[in-house]
Amino acid sequence: MMYKILLFLNAAWFAAGFVAFSLRSSRFVRFLIRKEQKGESTLLQLRTSLHFLGGFNCALSVFCIALAIAGELFTDARQWQLIFGFLALTHGTQFFCNLPVAIREKKGQAHAWPVFKGPMFFIFVTDAVLMIADAVAIAVL
């Protein structure tokens, strides 16, 4: 039961990423780019790039839902450890790739986007929490 709840949390997070990055990329890109950097070509390039990220999030969301529905196909704890290891790695890469940006922001140095405020802070924290939750699932399975 615990693994299904965690899979649905992962699915919801990835679905939110799909909506933000693919379906609402024009809106989301405004959180990433400061006003003085908002040239039309920059916005177009970033919006287009976000669509790719959204596509990955959509696939991961569907994957988590399928696992939650058909979970009885996996009977060995090692199979679930592999799945949750993959999910922890997925969130971990997002968190750790954002970490240098956060450190630069904290030091007052030039940084790509604001990590400690607005939606990016929520993304930063949620990826960390889900990474830890998925890692804990590995340990208790």
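Here the closest non-hydrogen pair linking Phe28 and Pro119 is CE1-CB, 4.4 Å.
Placement of Leu67 and Leu141 within a single hydrophobic cluster is found when ILVMFWY residues are connected by side-chain heavy-atom separations under 4.5 Å, directly or transitively. Grouping the Ile, Leu, Val, Met, Phe, Trp and Tyr side chains by contacts below 4.5 angstrom, directly or via other members, places Leu6 apart from Ile65. Following chains of ILVMFWY side-chain contacts shorter than 4.5 Å, one cannot reach Val140 starting from Leu82, and the two form parts of different hydrophobic clusters. The cluster map of Ile, Leu, Val, Met, Phe, Trp and Tyr, joined by side-chain heavy atoms under 4.5 Å apart, puts Phe96 and Leu53 in the same cluster. The hydrophobic cluster containing Val62 does not contain Phe86, counting ILVMFWY residues as joined when their side-chain heavy atoms lie under 4.5 angstrom apart, directly or transitively.
Using a 4.5 Å heavy-atom cutoff, the side chains of Trp13 and Asp127 are in contact. Between Leu87 and Met131, the closest side-chain pair of non-hydrogen atoms is not below 4.5 Å.
Under the ring-ring contact (aromatic ring centres under 6.0 Å, His included) criterion, Phe116 pairs with no residue at all, not counting sequence neighbours. With sequence neighbours excluded, the residues that form a salt bridge (charged side-chain N to carboxylate O under 4.0 Å, His left out) with Arg78 are Asp76. Listed by chain and residue number, His51 satisfy the side chain to side chain donor-acceptor pair (under 3.5 Å) test with Ser25 (two or more places apart in sequence, or in another chain). For Asn10, the side chain to side chain donor-acceptor pair (under 3.5 Å) partners at least two apart in sequence or on another chain are His91, Asp134. Annotation: side chain to side chain contact (heavy atoms under 4.5 Å, CB included) contacts of Ile138 (sequence neighbours excluded): Gln81, Phe84. Annotation: side chain to side chain contact (heavy atoms under 4.5 Å, CB included) contacts of Val125 (sequence neighbours excluded): Phe121, Val129. Residues forming a ring-ring contact (aromatic ring centres under 6.0 Å, His included) with Phe74 (at least two apart in sequence, or on another chain): Trp80. With sequence neighbours excluded, no residue satisfies side chain to side chain donor-acceptor pair (under 3.5 Å) with Asn57. Evaluation of the ring-ring contact (aromatic ring centres under 6.0 Å, His included) rule for Phe95 yields Phe124 as partners, not counting sequence neighbours.
With Thr126 contributing its side chain and Ile123 its backbone, the two residues share no donor-acceptor pair below 3.5 Å. Of the possible donor and acceptor atoms, one in the side chain of Ser61 sits under 3.5 Å from a partner among the backbone N and O of Ala11.
Between the OG1 atom of Thr90 and the CG atom of Leu130 there is a distance of 10.5 Å, given to the nearest 0.5 Å. In this structure, CZ in Phe56 is found 14.5 Å from CZ in Phe63, a value given to the nearest 0.5 Å. Leu32 contributes atom CG, which lies 12.0 Å from atom CZ of Arg47 (distance to the nearest 0.5 angstrom). Interatomic distance, CG of Leu7 versus CD1 of Ile69, reported as 10.5 Å (0.5 Å rounding). Within the model, atoms CZ of Phe14 and SG of Cys58 stand 11.5 Å from one another, a figure rounded to the nearest 0.5 Å.
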*Verify side-chain contact (heavy atoms from CB on, under 4.5 Å) between Met120 and Asn98, making sure each step is shown before the conclusion.*
CA-CA 9 Å; Met120 290 307 296; Asn98 243 338; 3.9 Å; yes
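Residue Phe18 shares its hydrophobic cluster (ILVMFWY side chains chained together at separations under 4.5 Å) with Val19, Leu23.
The stretch residues 3-13 participates, sequence neighbours left out, in no salt bridge (Lys or Arg N to Asp or Glu O under 4.0 Å) pair at all. Here salt bridge (Lys or Arg N to Asp or Glu O under 4.0 Å) pairs that include residues 102-114, with residues two or more places apart or in two chains, number zero.
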